[in-house]
Each structure stands twice: as C-alpha cells, then as structure tokens.
Amino acid sequence: MPQQHDVVDLLTADHREVQDLFEGYRASADPGQRRLLVDRITVELVRHSVAEEQYLYPTVRKALPNGDEVAEREIEELLEAERILGDLDRLDPADRRFDSLVRDLFDVVSMHIRGEEDVIFPELRERLTAEERLALGLRVGEAKTATPTRPYPGRGQGGGGQSGTGAGGEERGGETGAPSGEAASGEGVSTGRPLAEQVRDWLAGPS
C-alpha cells in the first residue's frame with residue numbers, strides 16, 4: 001500500500017523525477033541509453049497522467065473557480081506530450097529528428113509543470129484541508145502504483161513481454177513488477193503500438 005502523502009508533495013516529486021530523467025538524457029551521447037531514458041520518461045509521464053486524470057483534475061474542476069478551464073489546459077498539454085512520445089517511439093534514437101522531438105517534449109512537460117506548480121498546487125493548498133490533500137494523495141499514489149495481473153509491455157514484444165531489461169540494467173519479470181521503461185536490446189524503433197498506449201492499457205488492467 002502506498003504511503004500517505006500530501007498530493008501536492010507527491011506530484012511535485014513526480015515532476016522532479018521526470019526532470020532528472022531529462023537531465024540524464026542530455027548528459028548521455030549513447031543512443032541506446034537515450035532510448036532507455038525516453039522509455040523511462042514515457043512510463044513515468046503516463047503513470048502521472050493517468051493518476052491525475054482519475055483523481056487530480058476532477059478535484060481541480062470542483063475546487064478552483066475556473067477549474068474546468070485549468071483542468072482542460074493541463075490535460076491538453078499531457079495529450080500533446082503523449083503525441084510526441086508516439087512520434088519518438090517510431091524513431092531510432094540515432095535519427096537526427098529524435099533529439100529535436102525530445103526538446104519539444106521537454107518544452108511541453110515544462111509548461112505542464114509550471115501550470116501545476118504555479119497555479120494548481122497553491123490553489124489546492126489554500127482550498128483543501130490538509131486531511132483532504134492527504135486523502136487525495138493516497139488515491140493518486142494508489143493509481144500510480146497499480147500493478148495489474150496482465151504482463152507489462154516490453155518494447156518489440158507485441159505488448160506482452162514476460163521479461164526484459166529495466167532502465168537500470170536489471171533483469172525483471174513482466175507479470176507483477178511495476179513498469180520501469182523496458183526496451184529490448186538492439187531495438188531502436190518500436191515494432192507495434194506506441195509504448196505510451198501500451199502502458200495506459202497495462203494500468204487499466206484486465207478488461
């Protein structure tokens with residue numbers, strides 16, 4: 001069971017984690033490592049997006065005076081990020097377009113982070129009680145750490161890879177482990193559906 005955290009603290013930590021992954025990408029010149037880092041970014045962004053869609057933005061719509069407008073803007077930014085991730089999924093990381101798309105992705109994600117940290121989070125601290133923020137943080141944390149029974153998608157394995165190599169190089173099983181951005185060695189381009197779509201399906205669990 002996830003530990004209980006204030007939803008603002010929990011989602012801010014998500015932002016810092018994704019920013020660290022972008023920093024790792026910029027520091028690496030190795031195409032294989034860059035692919036692994038983009039896959040990690042994909043997984044973390046999709047988990048973040050799904051949890052916010054389920055719990056954060058319904059609360060934003062009710063709690064903020066212009067909540068519908070704010071929520072729609074943030075959701076559109078996350079959708080744009082996933083569209084870019086889909087384009088990246090179809091490119092070899094050695095392709096000259098890959099780095100340009102990652103910069104576009106960074107710009108969109110940075111805009112999303114600023115919108116939440118400069119607008120949404122201060123409003124939530126003001127308008128929700130500490131207990132309400134903790135309860136919301138628990139629901140968001142549960143959504144982010146959901147572990148369905150279906151196999152976690154592995155790159156180049158048709159969405160159902162049973163095992164693979166995580167971004168840290170460790171071997172992992174796909175049945176019950178939380179996603180870490182798997183990628184088959186030697187595979188620079190996705191051969192099936194975009195990884196972001198596969199992760200969304202995985203988080204949804206059995207239909």
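- How far OG1 of Thr42 is from CZ of Arg47: 13.0 Å, rounded to the nearest 0.5 Å.
- In this structure, the separation between CG on Leu88 and CD on Glu82 is 12.5 Å, given to the nearest 0.5 Å.
- With sequence neighbours left out, Glu123 forms a side chain to side chain donor-acceptor pair (under 3.5 Å) with Arg127.
- Between Glu80 and Arg83, at least one side-chain nitrogen of the basic residue sits less than 4.0 Å from a carboxylate oxygen of the acidic one, meeting the salt-bridge criterion.
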- Item | Steps toward salt bridge (Lys or Arg N to Asp or Glu O under 4.0 Å) verdict (Arg193, Asp201) | CA-CA 11 Å; Arg193 293 168 59 236; Asp201 286 351; 2.7 Å; yes
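- Taking Glu74 as the reference, His112 meet the side chain to side chain donor-acceptor pair (under 3.5 Å) condition, with sequence neighbours excluded.
- Take Arg125 and apply the side chain to side chain donor-acceptor pair (under 3.5 Å) test, not counting sequence neighbours, and it matches Asp9.
- With a 4.5 Å cut-off on side-chain heavy atoms, Leu11 and Phe121 count as touching.
- Side chains of Glu116 and Val8 form no contact here, defined as non-hydrogen atoms less than 4.5 Å apart.
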* Please report the C-alpha distance between Glu23 and Arg26 in whole Å, then the side-chain angles of each, then the deciding distance to 0.1 Å, and finally whether the salt bridge (Lys or Arg N to Asp or Glu O under 4.0 Å) criterion is met. => CA-CA 5 Å; Glu23 287 297 325; Arg26 282 194 288 264; 2.3 Å; yes
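- In terms of the side chain to side chain donor-acceptor pair (under 3.5 Å) criterion, residue partners of Asp6 (sequence neighbours excluded) are, by chain and number, Arg133.
- Cluster annotation: Ile75 is connected to Val140 through the hydrophobic network of ILVMFWY side chains, with a link wherever side-chain heavy atoms come within less than 4.5 Å.
- Residue pairs that meet the ring pair (Phe, Tyr, Trp, His ring centres under 6.0 Å) test with at least one member in residues 52-93, sequence neighbours left out, do not exist here.
- Val43 and Leu78 end up in different hydrophobic clusters when Ile, Leu, Val, Met, Phe, Trp and Tyr side chains are linked at under 4.5 Å.
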Sequence neighbours excluded and cut-off under 3.5 Å, please list the side-chain donor-acceptor pairs for residues 60-70, or say none.
{"unit_1": "Arg61", "atom_1": "NH1", "unit_2": "Asp68", "atom_2": "OD1", "d": "3.2"}
{"unit_1": "Arg61", "atom_1": "NH1", "unit_2": "Glu72", "atom_2": "OE2", "d": "3.2"}
{"unit_1": "Arg61", "atom_1": "NH2", "unit_2": "Glu72", "atom_2": "OE2", "d": "2.5"}

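- We find that Arg200 and Glu53 are joined by a salt bridge, their nearest charged nitrogen and carboxylate oxygen being less than 4.0 Å apart.
- Using a 4.5 Å cut-off between side-chain heavy atoms of Ile, Leu, Val, Met, Phe, Trp and Tyr, with links allowed through other members, Val18 and Ile84 fall into the same hydrophobic cluster.
- Between Tyr25 and Asp99 the shortest side-chain heavy-atom distance falls below 4.5 Å.
- Of all heavy-atom pairs spanning Pro194 and Gly86, the tightest one is CB-CA, 4.2 Å.
- The shortest non-hydrogen separation linking Ala143 to Leu203 is O-CD2, 4.3 Å.
- In this structure the side chain of Glu44 never reaches within 4.5 angstrom of the side chain of Asp14, judged on heavy atoms.
- Atoms CG and CG, on Asp39 and Leu85 in that order, are 9.5 Å from each other to the nearest 0.5 Å.
- Cluster annotation: Leu136 and Val119 are assigned to distinct hydrophobic clusters (Ile/Leu/Val/Met/Phe/Trp/Tyr, side-chain heavy-atom contacts under 4.5 Å, transitive).
- Contact check for Leu134 versus His5: no side-chain heavy atoms found under the 4.5 Å cut-off.
- Shown here is Arg97, whose CZ atom has no more than 12 heavy atoms of other residues, nucleotides or ligands within 6.0 Å.
- Between the side chains of His15 and Gln19, no donor-acceptor pair is found at a separation under 3.5 Å.
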- Task: Could you please spell out the steps behind the side chain to side chain contact (heavy atoms under 4.5 Å, CB included) verdict for Leu128 and Thr59?
- Result: CA-CA 10 Å; Leu128 300 183; Thr59 300; 4.0 Å; yes
Verdict with supporting geometry, Leu37 and Phe22, side chain to side chain contact (heavy atoms under 4.5 Å, CB included): CA-CA 8 Å; Leu37 286 164; Phe22 276 112; over 6 Å; no
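- At a threshold of 4.5 Å between non-hydrogen side-chain atoms, the residues Leu138 and Val7 do not count as touching.
- Heavy-atom minimum distance, Ala94 versus Pro31: N-CB, 4.4 Å.
- When side chains are defined from C-beta on, Leu105 counts as touching Ile41, because their heavy atoms get closer than 4.5 Å.
- Between Gln33 and Leu36 there is a side-chain heavy-atom pair separated by less than 4.5 Å.
- Side-chain heavy atoms closer than 4.5 Å link hydrophobic residues (I, L, V, M, F, W, Y) into clusters, and following such links, even through other members, never connects Met111 to Val109.
- Of the inter-residue distances, the one linking Ser110 atom OG with Glu77 atom CD reads 10.5 Å to the nearest 0.5 angstrom.
- Salt-bridge annotation for Glu117 and Arg16: present, with a side-chain N of the basic residue lying under 4.0 Å from a carboxylate O of the acidic one.
- The CG atom of Asp104 sits 9.5 Å away from the CG atom of Asp87 when rounded to the nearest 0.5 Å.
- Looking only at distances, no side-chain donor or acceptor of Ser28 sits under 3.5 Å from a matching main-chain atom of Gly24.
- Taking a cutoff of 4.0 Å between a charged side-chain nitrogen and a carboxylate oxygen, Glu17 and Arg40 qualify as a salt bridge.
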